[in-house]
Amino acid sequence: EPPIDIVLVVEKSDKIRALGFSTIQQGLMDLISKTKENDRVSLIYFDDFGYRMTPLLVMNTQNKEILRKQIQNVYLNGGSNPLDGLTQALEIMKQRRYRNPHSSIYLISSNAETVLDSVENLLHKFEVEVHIDLLQIDDKNQGNPNTVQHSPLVTYQVISQTNEIGNSLIESYSNIK
């Protein structure tokens, strides 16, 4: 199987804490454990601004542990600016020496819907072709997650229970081709 490049863009605001950040962390850990040795993963956190926590790391045992520590040791506070986090993720994808066609950005946020109108322009601006999964955490949306194919490269999914994050991430990862 070909290697996959993934950039995780994760909100670390006060609001996401209230929605159940520990289960989001567990979902991220589950995804990390599923990655293969030649996959590459980068982590960006955002509150009012985006913070690049790691470059694209090859998922060997040592780098998986580095990512796990970054996921466990996050300080939650501030607002939510998913556009800044997404912009940094696209910058990472653009700067790669090898443009892996098997690439995806996962944005996990309490207000992912705010980037829906901007995402196509950003993809064009950065001249990258990468799939973007926008995972909207919304505890008011009861019932099953609903997924909308916003465009060929953008999927928008509303998740009402944070414990559904792990399954959504792993399913998306399995579908990257």
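Side-chain N/O atoms of Ser103 and Arg96 include a donor and acceptor closer than 3.5 Å. Side-chain atoms of Asn167 and Glu171 include no donor-acceptor pair closer than 3.5 Å. Counting only N and O atoms by type, the side chains of Gln157 and Ser168 include a donor and acceptor under 3.5 Å apart.
In Glu113, the CD atom is crowded: over 12 heavy atoms of neighbouring residues, nucleotides or ligands sit closer than 6.0 Å. Summarising the local packing, NZ of Lys125 is surrounded by 12 or fewer heavy atoms from other residues, nucleotides or ligands at distances under 6.0 Å. Crowding of Tyr51 atom OH: a count of heavy atoms from other residues, nucleotides or ligands under 6.0 Å exceeding 12.
A 4.5 Å side-chain heavy-atom check between Phe126 and Met93 finds every atom pair outside the cut-off. For the pair Leu134 and Val154, the minimum side-chain heavy-atom distance is below 4.5 Å. In this structure, Leu122 and Ile132 have side chains that are not in contact, with every pair of non-hydrogen atoms separated by 4.5 Å or more. Contact annotation: the side chain of Leu123 approaches that of Leu90 to within less than 4.5 Å [non-hydrogen atoms, C-beta and beyond]. Residues Ile165 and Leu28 are not in side-chain contact: their nearest non-hydrogen atoms beyond the backbone lie 4.5 Å or more apart. Counting heavy atoms from C-beta outward, Asp47 and Asn81 have side chains that stay 4.5 Å or more apart. Proximity of Leu83 to Phe46: side-chain heavy atoms (C-beta onward) are nowhere separated by under 4.5 Å. Side-chain contact between Pro82 and Asn111 is present, with at least one heavy-atom pair separated by less than 4.5 Å.
Rounding to the nearest 0.5 Å gives a distance of 13.0 Å between CZ of Arg40 and CG of Asn60. With values rounded to the nearest 0.5 angstrom, Leu19 atom CG is found 7.5 Å from Ile137 atom CD1. For the atom pair CE of Met29 and CD1 of Ile24, the computed distance is 13.0 Å after rounding to the nearest 0.5 Å. Between Ile6 atom CD1 and Met59 atom CE the span is 9.0 Å, to the nearest 0.5 Å. Taking CG of Asn100 as the reference point, atom CG of Asp5 lies at 4.0 Å (rounded to 0.5 Å). To the nearest 0.5 Å, atom CD1 of residue Ile44 and atom CG of residue Leu86 are 8.5 Å apart.
The minimum heavy-atom distance between Val7 and Ala89, with the atom names listed, is CG1-CB, 3.6 Å. When all heavy atoms of Asp30 and Ile170 are compared, the closest pair comes out as CB-CD1, 3.8 Å. The two residues Tyr106 and Tyr173 have their closest heavy-atom pair at OH-N, 3.1 Å. Of all non-hydrogen atoms in Glu11 and Ser80, the two that sit nearest each other are OE1-OG, 3.1 Å.
Judged by distance alone, the side chain of Arg68 and the main-chain N or O of Ile32 form no donor-acceptor pair under 3.5 Å. At distances below 3.5 Å, at least one donor-acceptor pair connects side-chain atoms of Gln136 with backbone N or O atoms of Ala112. Side chain of Lys64 to main chain of Glu37: no donor-acceptor pair is present (N/O by atom type, distance under 3.5 Å, no hydrogens or angles). Using a distance-only test at 3.5 Å, with no hydrogens or angles considered, a donor-acceptor pair links the side chain of Ser104 to the main chain of His131.
Taken together through direct or relayed side-chain contacts under 4.5 Å among Ile, Leu, Val, Met, Phe, Trp and Tyr, Val58 and Ile66 form parts of separate hydrophobic clusters.
Shown here are the salt bridge (Lys or Arg N to Asp or Glu O under 4.0 Å) partners of Lys36, two or more places apart in sequence or in another chain: Glu1. Every side chain to side chain contact (heavy atoms under 4.5 Å, CB included) that Gln95 has, sequence neighbours left out, goes to Arg52, Glu91.
None of Leu169, Thr155, Ile176 except one satisfies the side-chain contact (heavy atoms from CB on, under 4.5 Å) rule with Asp133; the exception is Thr155.
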Side-chain donor-acceptor pairs of residues 70-79 under 3.5 Å, sequence neighbours excluded:
residue: Asn73; atom: ND2; partner: Lys69; partner atom: O; Å: 3.1
residue: Asn77; atom: OD1; partner: Lys12; partner atom: NZ; Å: 3.3

side-chain contact (heavy atoms from CB on, under 4.5 Å) evaluation trace for Ser109 with Ile16: CA-CA 7 Å; Ser109 175; Ile16 208 83; 5.8 Å; no
Steps toward side-chain contact (heavy atoms from CB on, under 4.5 Å) verdict (Arg99, Glu129): CA-CA 9 Å; Arg99 295 273 179 107; Glu129 189 159 314; over 6 Å; no
Stepwise side-chain contact (heavy atoms from CB on, under 4.5 Å) test for Val9 and Ile108: CA-CA 6 Å; Val9 184; Ile108 302 168; over 6 Å; no
Derivation of the side-chain contact (heavy atoms from CB on, under 4.5 Å) call for Leu43 and Leu57: CA-CA 9 Å; Leu43 176 64; Leu57 298 173; over 6 Å; no
